[in-house]
2 protein chains.
Amino acid sequence: MSNPTIRNVAKAAGVSIATVSYVLNDSRPVGEETRQRVLRAATSLGYRANVTARNLQASKTRLFGYTWRPSPPDQFNPILDRFLQAMAEAAARHGYRILTFPTITLEEELATYEEMVLIGQVDGFVLSNTNQDDPRVRSLLDIGFPFVAFGRANPDWDFPWVDVDGTAGVRQATEHLIQRGHRRIACLAWTEESLTGQFRLQGYRTAMADAGLPVDPRWTERIGNTHANAYAGARQFLSLPADIRPTAVIALTDLMAIGVINAAWDAGLEPGRDLAVVGFDDAPIARFLRPPLTTLSQPIAEVGERLVTTLVDICNERFLKERHVLLQPELIVRASSAVLDDDRVTR
Amino acid sequence: MSNPTIRNVAKAAGVSIATVSYVLNDSRPVGEETRQRVLRAATSLGYRANVTARNLQASKTRLFGYTWRPSPPDQFNPILDRFLQAMAEAAARHGYRILTFPTITLEEELATYEEMVLIGQVDGFVLSNTNQDDPRVRSLLDIGFPFVAFGRANPDWDFPWVDVDGTAGVRQATEHLIQRGHRRIACLAWTEESLTGQFRLQGYRTAMADAGLPVDPRWTERIGNTHANAYAGARQFLSLPADIRPTAVIALTDLMAIGVINAAWDAGLEPGRDLAVVGFDDAPIARFLRPPLTTLSQPIAEVGERLVTTLVDICNERFLKERHVLLQPELIVRASSAVLDDDRVTR
DNA sequence: CCCAGGGGGTTAAACGTTTAAGCGCCATGA
DNA sequence: TCATGGCGCTTAAACGTTTAACCCCCTGGG
């Protein structure tokens with residue numbers, strides 16, 4: 001029933017438990033003959049050190065906590081699968097595992113973090129979807145507990161984060177559209193409190209400005225991240241007078257891009273030909289849409305990996321080479337961002 | 001730095017550590033005055049019992065292990081988000097948490113299960129995507145370690161599982177199509193080794209037989225679960241002679257249904273009008289497809305909840321009311337399964 | 001008056017490790 | 001010949017709980 005303990009191994013090898021420990025961790029030199037005896041005993045019994053006892057002794061758990069807000073039925077999380085796998089894999093390489101716990105309300109979530117710290121359930125946390133002045137970041141910073149964040153929160157707060165450069169990504173997407181002949185480009189953005197949304201919108205504005213293109217205020221809609229909102233926003237764009245109606249729309253997520261595509265179809269347009277659409281995330285579905293969606297692919301696996309290795313370094317009080325990592329998304333060009341056909345636009 | 005221990009509370013309350021433990025767990029009656037003193041000391045110090053020490057003492061971890069195969073870039077996992085949340089939430093209600101660990105090859109996965117059992121990292125496992133004669137089930141059964149499975153494996157193996165009734169689901173979908181006037185219905189199935197695939201295919205066959213409809217062998221394609229395979233399979237269907245060409249296709253997943261829809265468009269047909277399509281899973285994207293996809297929604301939250309509560313019962317050696325739970329999927333009717341328009345079909 | 005029993009607390013062992021401190025022995029150098 | 005030091009191992013404490021066993025004192029019944 002119960003697994004063999006270090007005591008069983010010690011007895012089998014005819015040595016003390018300390019010797020067994022020293023041999024197995026080789027934390028101190030042990031005579032070769034004894035060493036072999038211990039090793040043989042351990043393998044023949046199939047001994048593995050109990051993780052709880054080890055954790056108690058070391059006052060560590062080798063566990064990292066992670067939670068995320070569940071997507072409502074009309075939204076989806078395009079990165080969860082890869083993100084969790086990447087984190088779990090990187091963690092495993094360093095002897096850690098990922099603990100997932102449920103998220104309900106924000107207050108409950110904050111209480112849960114504190115509780116888990118107090119009872120010593122994890123050695124650190126990974127946060128994602130951080131917002132401007134994120135209270136979770138503030139709280140963990142205040143109690144001085146190890147954590148890393150996927151996303152920034154406040155430039156004045158000093159904490160380790162990894163993020164994807166949304167500004168550069170959207171700038172690149174905008175330049176791509178400009179290069180394909182588009183001049184009237186709209187941006188379906190997020191509401192103001194989203195820091196990530198700010199960064200991405202910034203990329204659009206920078207690219208337009210750098211190209212010397214005017215930006216009509218009606219070309220920017222600030223909405224929540226749902227298909228319905230995006231659909232309505234796109235209809236707004238398409239109902240503008242012909243001379244200022246956008247020929248391309250950049251959506252800050254693939255979900256919103258899908259809303260734009262559907263609005264275009266329903267308006268009798270063929271997205272990809274009559275209206276260019278660009279998304280963000282490279283959700284698995286993006287390549288199978290009609291038309292296949294041009295979008296920005298986030299290096300999620302690398303984000304997960306960098307976050308976890310940073311957290312491992314923090315927990316082992318190692319020096320951090322980089323406290324802040326900004327990774328570049330990659331523009332995946334598909335059919336939804338075709339070359340502008342002037343005849344159609346001006347018809 | 002370090003959290004208060006039971007010793008600190010004992011000193012502050014002027015009692016022994018045993019008394020503190022008895023009060024906090026009320027595992028033995030303690031004089032009212034002392035009780036209050038202990039309680040006050042505990043709250044004023046912000047004491048919470050250390051989970052590792054407690055686990056060591058109890059030889060439990062209150063952790064359940066879960067892993068899943070990462071989706072390749074051209075596939076997606078439509079249920080992971082809700083499934084994990086449901087499990088984490090149900091687990092939390094019983095004082096458990098979910099541990100995720102990475103999956104590489106099958107052999108490594110089996111070795112990881114054994115390793116985690118040996119080092120006592122978890123109290124039980126949740127398996128999903130079980131196959132016919134699943135070696136993970138066999139292995140855990142052999143070593144007698146607590147686990148539950150989402151999915152069946154072998155009728156002769158006695159282990160607790162929860163599953164969604166794919167047979168009933170696909171039968172219902174087939175009947176729905178028949179009721180809408182379809183007679184030539186095809187099924188895009190999985191390869192033979194998938195038990196889930198067998199069950200679902202069975203539903204199609206049963207419904208057709210019950211309705212007295214003949215089934216042409218060319219109406220069943222057995223393929224792996226990818227868009228490309230589904231696309232090719234649908235082209236096969238559509239290239240059949242007009243008098244046996246199916247007017248409706250049932251795909252065993254939404255991903256495959258998307259392949260069918262795209263093949264239909266590319267063949268110059270309008271899916272939902274010229275070709276009915278039904279999927280399985282009700283992936284978040286299903287409602288936003290063109291046409292919106294009729295599909296079978298799995299009660300994922302309930303599956304996760306039932307699995308976890310069963311596992312909790314097993315770990316606490318409680319009697320299981322039900323070792324096997326078969327939940328019903330719900331047919332979500334959307335525009336992709338329109339009424340058959342005879343004129344179009346026979347034109 | 002004495003003993004049984006119970007209320008209210010304490011002591012100490014146990015869970016399975018890691019690791020600091022100690023101990024015996026042998027070789028080496030003064 | 002004797003201190004010194006190093007090698008090779010053991011003893012025991014510590015991590016923070018839970019809980020069985022025990023102890024003291026008071027009360028009530030025989």
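We name chains A, B, ... by the order of the sequence lines, and we start the count at 1 in each one.
In this structure, B:Asp26 atom CG and D:dT19 atom P are separated by 12 Å, rounded to whole Å.
The C1' atoms of five pairs define one axis at each end of the helix from C:dC1-D:dG30 to C:dA30-D:dT1, and these two axes lie 70° apart (to 10°).
Residues meeting the ring pair (Phe, Tyr, Trp, His ring centres under 6.0 Å) test with B:Tyr47, sequence neighbours left out: none. Every ring pair (Phe, Tyr, Trp, His ring centres under 6.0 Å) that B:His324 has, sequence neighbours left out, goes to B:Trp161. In this structure A:Arg136 satisfies the salt bridge (charged side-chain N to carboxylate O under 4.0 Å, His left out) test together with A:Glu109, A:Asp134, sequence neighbours excluded. Applying the salt bridge (charged side-chain N to carboxylate O under 4.0 Å, His left out) rule to A:Arg82 yields no partners; only residues at least two apart in sequence or on another chain are considered. Scored by the salt bridge (charged side-chain N to carboxylate O under 4.0 Å, His left out) test, B:Arg323 finds B:Asp158 as partners (sequence neighbours excluded). Judged as a salt bridge (charged side-chain N to carboxylate O under 4.0 Å, His left out), and not counting sequence neighbours, A:Asp156 has no contacts.
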Exercise. Mark up nucleotides 11-24 of chain C, 5' to 3', with B wherever a protein heavy atom is under 4.0 angstrom from a base atom, S wherever such an atom reaches only the sugar-phosphate, and - elsewhere.
Key: B--BBBBBBBB---
With a cut-off of 3.5 Å and sequence neighbours excluded, list every side-chain donor-acceptor pair involving residues 23-31 of chain B.
| residue | atom | partner | partner atom | Å |
| --- | --- | --- | --- | --- |
| B:Asn25 | OD1 | B:Arg54 | NH2 | 3.2 |
| B:Asn25 | ND2 | B:Ser21 | O | 3.1 |
| B:Asn25 | ND2 | B:Ser21 | OG | 3.3 |

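At a cut-off of 3.5 Å, with distance as the only test, a side-chain donor of A:Thr61 or A:Asp123 sits close to an acceptor on the other residue.
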